Engineer: 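Take this structure, written in C-alpha cells, and hold onto it; I'll ask about it next.
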2 protein chains.
Amino acid sequence: MNFNVKEAIEILERTPHTLESFLVGISNDWLQCNEGEGTWNASEVIEHLIEGEKNNWIPRLKFILQEGESKPFPVFDRFSHLTNSKVRTIEEALRDFKALRSENIKKLTSLLDSEQKLEVTGYHPAFGLVKIRELVSTWVVHDLTHISQIVRVMANRYNNDVGPWIKYLGILNRNR
Amino acid sequence: MNFNVKEAIEILERTPHTLESFLVGISNDWLQCNEGEGTWNASEVIEHLIEGEKNNWIPRLKFILQEGESKPFPVFDRFSHLTNSKVRTIEEALRDFKALRSENIKKLTSLLDSEQKLEVTGYHPAFGLVKIRELVSTWVVHDLTHISQIVRVMANRYNNDVGPWIKYLGILNRNR
C-alpha cells in the first residue's frame with residue numbers, strides 16, 4: 001500500500017493546472033477529436049471531471065462518514081455530463097474545474113481530520129464494503145486515468161501520420 | 001491524414017510546461033516510482049526527452065534535408081539517458097528540456113520554410129524511406145506517449161490502494 005493523504009493531494013491539486021498548461025489556447029481540432037462513436041473528446045473529459053467534483057468524490061466521502069455501512073451510497077452517473085449540452089470554452093470549463101477542485105481539497109482536509117477516518121467503511125452500490133482510503137486513492141487514479149485518456153485520444157489523431165514509426169509508439173498500439 | 005505544422009508545434013511547445021505543472025514540487029516517491037525492473041520513472045523519462053532534443057529530432061531533420069535518401073540517418077540510442085548518471089533535480093532537468101525544446105521549435109520553423117520540405121524523404125536505418133512530415137508527426141506523438149507513460153506509472157503506484165474500484169480504472173487494467 002502506498003497511499004497517504006499528503007501525496008494524494010499533491011496529485012489532486014496539480015490536475016487542473018496540468019490540464020490548463022496542456023489545453024488552453026490549443027486548436028479546436030485537438031480539443032474536438034475523439035476515438036470514434038461513443039468516445040470522449042478532451043472537452044467532454046473535462047466536463048466529466050467537473051461532474052465528479054460536484055456529485056462524486058466529496059459527496060460520497062460525506063455520505064460514508066454520515067452513514068457508514070448502513071446504506072449504499074447513491075450511484076454516480078458516469079455519463080451525465082453528456083446529457084447537459086454545455087456551450088462553453090475549454091478555458092471556462094477548466095476555470096470551473098479548478099475552482100471546484102480547490103474547494104474540494106479544502107473539504108477533504110477538513111473531513112479527514114484524523115488518520116482513523118481513512119479506515120471508515122461505506123457501502124458501495126456495486127462493490128459492497130469500501131474504505132475511505134480506497135475512495136480517495138480512486139479519486140487520484142481517476143484524475144490520472146483521464147489525463148492519460150486526453151493525451152491518448154490526441155495521439156491517436158496522428159495514427160496515420162507517423163508512417164512506419166507507429167511500430168515504436170506504444171500509445172498508438174495500446175500495448176503499454 | 002491530420003498533420004499540419006502549426007498544430008504540431010502547439011503540442012511540442014506545451015509539453016515542457018505541462019510536465020512542469022505536473023511534476024515540479026511533487027514528492028520524491030511519485031518521481032521515483034516505476035513499473036518494475038527495466039522500466040522508467042518520471043525523472044528517467046524527462047532525461048530521455050532531453051536526449052531526443054539533443055540527438056534525435058532536429059539532427060535527423062537536418063540530416064534528411066542534407067542527405068535525402070542517399071544514406072540512412074544515424075541510429076538514435078533510445079536508452080542512452082540511462083547510462084549518463086545525472087544527479088540533478090527534476091526542476092533542473094525540466095528547465096533544460098524547456099530551453100532545448102524552445103530552441104528546437106525555432107529551428108523547426110526555420111528549417112521547414114516551405115510546404116514541400118514536408119515531403120522530402122530520408123532513409124531510416126530500420127524502416128527505409130520516411131518523410132519529414134512523418135518524422136515531425138512522430139515527434140509529437142512521442143511527446144504524448146511519454147506524458148501518458150509518466151501518468152500511467154504514477155497511477156500504478158496506487159494499484160493496490162484503490163480496492164475494488166480497480167475494475168473501473170482502465171489505466172490500471174491497461175485496457176484503454
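Being a predicted model, the structure only gives us computed values, none of them experimental. Just so we're on the same page: letters track the sequence lines, and every chain starts at 1.
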Engineer: Indicate yes or no: at least one non-hydrogen side-chain atom of A/Glu44 is less than 4.5 angstrom from one of A/Glu47.
Structural biologist: no
Engineer: Please verify the inter-ring angle class for A/Phe73 with B/Trp165; under 30° counts as parallel, over 60° as perpendicular, anything in between as tilted.
Structural biologist: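 It falls in the parallel class, under 30°.
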Engineer: Quick check for you: among B/Glu7, B/His17, B/His142, B/Lys131, which has the greatest number of heavy-atom pairs under 4.5 Å with chain A?
Structural biologist: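 Of the options given, most contacts go to B/Glu7.
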Engineer: Between chain A and each of B/Thr138, B/Leu23, B/Ile150, count heavy-atom pairs under 4.5 Å; write down the option with the most.
Structural biologist: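 Top option by heavy-atom pairs under 4.5 Å: B/Thr138.
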Engineer: Let's test your reading of the structure: which of A/Val136, A/Asp29, A/Val24, A/Ile11 forms the most heavy-atom pairs below 4.5 Å with chain B?
Structural biologist: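 Of the options given, most contacts go to A/Ile11.
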Engineer: For the salt bridge (charged side-chain N to carboxylate O under 4.0 Å, His left out) test, which of B/Glu53, B/Glu20, B/Glu92 pairs with B/Lys98?
Structural biologist: B/Glu20
Engineer: Do B/Asp143 and B/Thr15 have side-chain N/O donor and acceptor atoms under 3.5 Å apart?
Structural biologist: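 Short answer, yes.
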Engineer: Out of A/Leu144, A/Val151, A/Asp161, return the one with the most heavy atom pairs under 4.5 angstrom to chain B.
Structural biologist: A/Asp161
Engineer: Between A/Ala126 and chain B, which part of the residue has a heavy atom less than 4.5 Å away: side chain, backbone, both or neither?
Structural biologist: side chain
Engineer: Between A/Ala8, A/Gly25, A/Ser27, A/Ala155, who has the most heavy-atom pairs with chain B when the cutoff is under 4.5 Å?
Structural biologist: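 Most pairs with chain B among the choices: A/Ser27.
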Engineer: For atom CD of B/Glu119, decide whether the heavy atoms of other residues, nucleotides or ligands shown that lie under 6.0 angstrom number more than 12.
Structural biologist: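 Enclosed.
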Engineer: Which answer fits A/Ile166, side chain, backbone, both or neither, if we ask what part of it has an atom under 4.5 Å from a heavy atom of chain B?
Structural biologist: neither
Engineer: Distance alone, cut at 3.5 Å: any donor-acceptor contact between the side chains of A/Gln149 and A/His146?
Structural biologist: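 Present: a donor and an acceptor within the cut-off.
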Engineer: Any idea how A/His124 and A/Phe127 line up, ring-wise: parallel (<30°), tilted (30 to 60°), or perpendicular (>60°)?
Structural biologist: parallel
Engineer: Side chain, backbone, both or neither: which part of A/Val140 has an atom under 4.5 Å from a heavy atom of chain B?
Structural biologist: side chain
Engineer: Taking every heavy-atom pair that is under 4.5 Å apart, which of A/Val130, A/Leu19, A/Ile147 has the most such pairs with chain B?
Structural biologist: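 Maximum pair count with chain B is reached by A/Val130.
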Engineer: Let's test your reading of the structure: which of B/Asn2, B/Leu129, B/Thr145 forms the most heavy-atom pairs below 4.5 Å with chain A?
Structural biologist: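 The answer is B/Asn2.
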Engineer: With no hydrogens and no angle check, is any side-chain donor or acceptor of A/Arg133 less than 3.5 Å from a backbone partner on A/Leu118?
Structural biologist: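 Flag not set: sc A/Arg133 to bb A/Leu118 has no pair under 3.5 Å.
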Engineer: Answer with side chain, backbone, both or neither: which region of A/Asn28 has an atom nearer than 4.5 Å to a non-hydrogen atom of chain B?
Structural biologist: neither
